Amino acid sequence: HHMFVVEQEEYVKEGIDWVMVDFGMDLAAAIIMFEKPMGIWAILEEESLFPKATDKSFEEKLKASLGKLPVFLKPASKTDKNAHFGVSHYAGVVNYNVTSWLEKNKDPVNETVVELFKSTSTCQLLKHLWRDHPGQPTTAPKDDGKKKKKGGGGKTVSSVYLVSLSELMTTLYSCEPHFVRCLVPNTHKKPGDVEPPLIMHQLTCNGVLEGIRICMRGFPNRMPYPDFKMRYACLGQAEIASSSDNKVASYALMDKINFDRERYRLGHTLVFFRAGSLAGLEEARDGLVIKWVRFIQGEVFKRVRTRVYEKKRDQRELIKVAQRNFRKFLGMRDWGWFIIIQKTRGMIGLPNPEEELRLLEEKANATFGKYQEALDVTKNLEGQMGSLKDDIGAMTKQLSEEQGNVSVYTDRQAKAITIKGEAEVELVQQQKVLASEENSRTELAAEVKAHSGSISAVKKDIEDVELAILKVEQEKGNRDHTIKTLQDEVGEQDEVINKLNKEKKHLSSTQAKSSEDLAAAEEKVAHLMSVKSQLESTLDQLEGGLDKEKKSRANLEKAKRKVEGDLKMAQDAVADLERAKREVEGVIANKEKNNQLLSAKLDDEQSLVAKAQKNIKELQGRVEGAEEELEAERQARAQAERQRSDLAREIDQLGERLDEAGGATVAQVELNKKRESEIVKLRKDVEETNISSESVLSNMKRKQGDAV
């Protein structure tokens, strides 16, 4: 709709003769029905929020809210007999089946799961697939004393689609888009099968046919006047220059080349052409361009060959000159003056070497004088810089002696006390982390033992299956051997039959033997034929048994592959557990190294504190009192932390109960609200206790710093 309107508005804006094409305005009514406040999207979102909503209730709500609209129709689909309603678009009626709409609409991508994929996965392909998804941070940001805002509901597929649709429409209105239409050839997903009615229906609904109709009726090709003049001025330079008005000059050019005015229109700033009309102008222009190119080629060829001719002509004249000079040389080569001139000719115009040597010496002396002056200036500056360095050293020495070392000891004492407190807190935290990692390691070891038992059972089953397969293969080998022996016997019997046939031919040709011998031979042949038929029947039976054996072997192969797949899955699970175990052991080792480093750092700081305490014996009493108060405050803070952990555990339990009770009756909802208020109160109490303990601790630290 947008593209059709923009195309025709362009014609009207340019002032050409154009009658607006009515391509159907029912699309606006259908769009309003979908996007209005109580439209299809709003009802779908509302029903998706209710846990007891079903497809039937969604269908009834649609019919109750939108049933009176003229574009909302009863289903009349030939392909889908279970359609629930139809919508009249501008190009035709589309029927919809709402089965599983609510279930599909509640299935968005979980942002927390995406964040786990991006942050913890070791598979680079998985990270690459989710690289553009924003995800959700795994660590919650600090509140900083602000109230928490109530979180909105979860996203649905329809809400994500509406956001994407609004962004697409914004992009379409801000640019000049081009589309690629994808068509479904058939409804039963069969390759090479085309349903023309279905394709025509899609072309009609997508607006492709309307676009073609407007394109054939309108002017799809357009060109600004400056580009038109620059490109087609070669067809009539005088006509283009005849008027400053673009329309007058363009009409004069078109009339000169007998171009029909029905095939183009002149706007205010653009020249519009009907489909295929621009090709006529291009052909006329190409004719002139080809003519001029051929003229230029002829001129270039003429100039190239002229240069070759002139070169050959000059060569011929120079040959004559060379011959004439050679004849003169032969005549004067014994003349004395000619010999003197030839020997002195090379010395004419040569420079005087003594004069050049004198100039070079003067230039070298001038350059060396400047260099000597630069060296003298450098020596003077270096002497001055040495004296300045001595003055600076004396002044720094005097300053250090006058300043004293009192501030150094006070700074070291304050740094040692702060570093000691931080190291103690960090040591307690690392011990807790070490205990939790030990518990997880023991649990992983138990899981590995449990999986090892299941793996041994699967291996035993695989060994039994392999033994059965070996037995079947042995039986198959025995059967193959018997079949081969029977085939050999059949071949021998065939050879005997061939011999008897030869003898029969020999007897018939000679007719020397008696009829009795002939009858005996015929009986013998009949006996052999019966033996052959028996052998063929036994061969058929054996082949049937071979087919059965092949089928049983195929079944065993399938069972073997299934067991191997189960074994591979179990091995992958064990490998994952072992990998997790190694990661946990690595984390534990890192924590132990950190603890050792912290303990070593703590020992160094304690030694520094011991050295500093020798110089502050007078302040030791005050420091001990402050340390006792600090220890009491630490105990109070530890007690507050324990209370906080207990309250957090109770909050988690209440949250789990609240999740289990979700979707229950109204009484349960009220009870959940009461529990949420209690949880909020408990959280506020925990935060107040933390704030009070931190304030007391900061006061104690401030007192200790003042005392020091």
Side-chain angles (χ1 to χ4, degrees), residues 1-5 26-51 53-66 69 71-73 75 77 79-80 82-115 117-118 129-136 151-175 177-184 187 189 201-208:
H1 174 268
H2 171 67
M3 299 303 298
F4 298 162
V5 172
D26 292 338
L27 180 61
I31 292 174
I32 291 171
M33 183 187 69
F34 274 83
E35 297 180 354
K36 71 177 187 176
M38 281 304 293
I40 292 178
W41 292 125
I43 295 173
L44 178 60
E45 286 288 321
E46 183 180 359
E47 287 294 301
S48 298
L49 297 177
F50 290 100
T54 60
D55 295 336
K56 187 67 177 176
S57 64
F58 175 57
E59 178 189 358
E60 292 174 356
K61 204 163 190 178
L62 286 176
K63 292 180 178 178
S65 301
L66 309 173
L69 295 177
V71 293
F72 191 86
L73 307 176
S77 177
T79 58
D80 188 4
N82 298 321
H84 296 97
F85 66 92
V87 176
S88 177
H89 295 278
Y90 81 96
V93 178
V94 180
N95 295 279
Y96 295 92
N97 189 336
V98 299
T99 304
S100 301
W101 274 25
L102 298 178
E103 182 180 357
K104 294 175 182 177
N105 195 39
K106 296 176 184 177
D107 189 26
V109 178
N110 194 315
E111 295 180 350
T112 305
V113 176
V114 174
E115 185 64 27
F117 284 164
K118 294 170 65 177
L129 293 176
W130 296 103
R131 66 189 185 280
D132 295 331
H133 198 282
Q136 184 178 1
K155 291 183 180 179
T156 58
V157 177
S158 60
S159 63
V160 176
Y161 168 76
L162 287 176
V163 173
S164 176
L165 180 61
S166 64
E167 294 176 354
L168 175 61
M169 295 307 297
T170 303
T171 305
L172 289 178
Y173 282 111
S174 62
C175 63
H178 300 272
F179 300 97
V180 176
R181 297 293 185 186
C182 299
L183 302 178
V184 178
T187 57
K189 298 181 181 180
H201 180 69
Q202 293 178 79
L203 292 174
T204 304
C205 293
N206 287 336
V208 176

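When a residue number appears, it is its place in the shown sequence, counting from 1. Computed from heavy atoms alone, side chains included, the values below leave out hydrogens, waters and symmetry copies. Because the structure is a prediction, the values reported are computed rather than measured.
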Counting C-beta onward and ignoring hydrogens, is there a side-chain heavy-atom pair between Glu103 and Asp55 closer than 4.5 Å? no
Measuring from atom OG of Ser166 to atom CG of Leu162, what distance do you get when rounded to the nearest 0.5 angstrom? 7.5 Å
Is there a donor-acceptor contact under 3.5 Å from the side chain of Glu47 to the main chain of Ser57? no
Nearest 0.5 Å please: distance from the CG atom of Leu73 over to the OH atom of Tyr96. 11.0 Å
Can you classify the ring geometry of Phe85 versus Phe72 as parallel (below 30°), tilted (30 to 60°) or perpendicular (above 60°)? parallel
I'd like to check Lys104 versus Val157 (side-chain heavy atoms, cut-off strictly below 4.5 Å). Are they in contact? no
Contact between Leu102 and Leu44 at the side-chain level, heavy atoms closer than 4.5 Å - yes or no? yes
Could you grab the distance from atom CD1 of Ile43 to atom CG of Leu66, nearest 0.5 Å is fine? 4.5 Å
Closest contact, heavy atoms only, Ser48 versus Asn105: OG-ND2, 2.8 Å
Taking all non-hydrogen atoms of both residues into account, name the closest pair between Asn95 and Ala83 and its distance. CB-CB, 4.0 Å
Which pair of non-hydrogen atoms, one from Lys63 and one from His84, has the smallest distance, and what is that distance? CE-O, 3.5 Å
Under 3.5 Å: donor-acceptor pair, side chain of Ser65, backbone of Leu62: no
Backbone N or O of Val98 within a donor-acceptor pair of the Glu59 side chain at under 3.5 Å? no
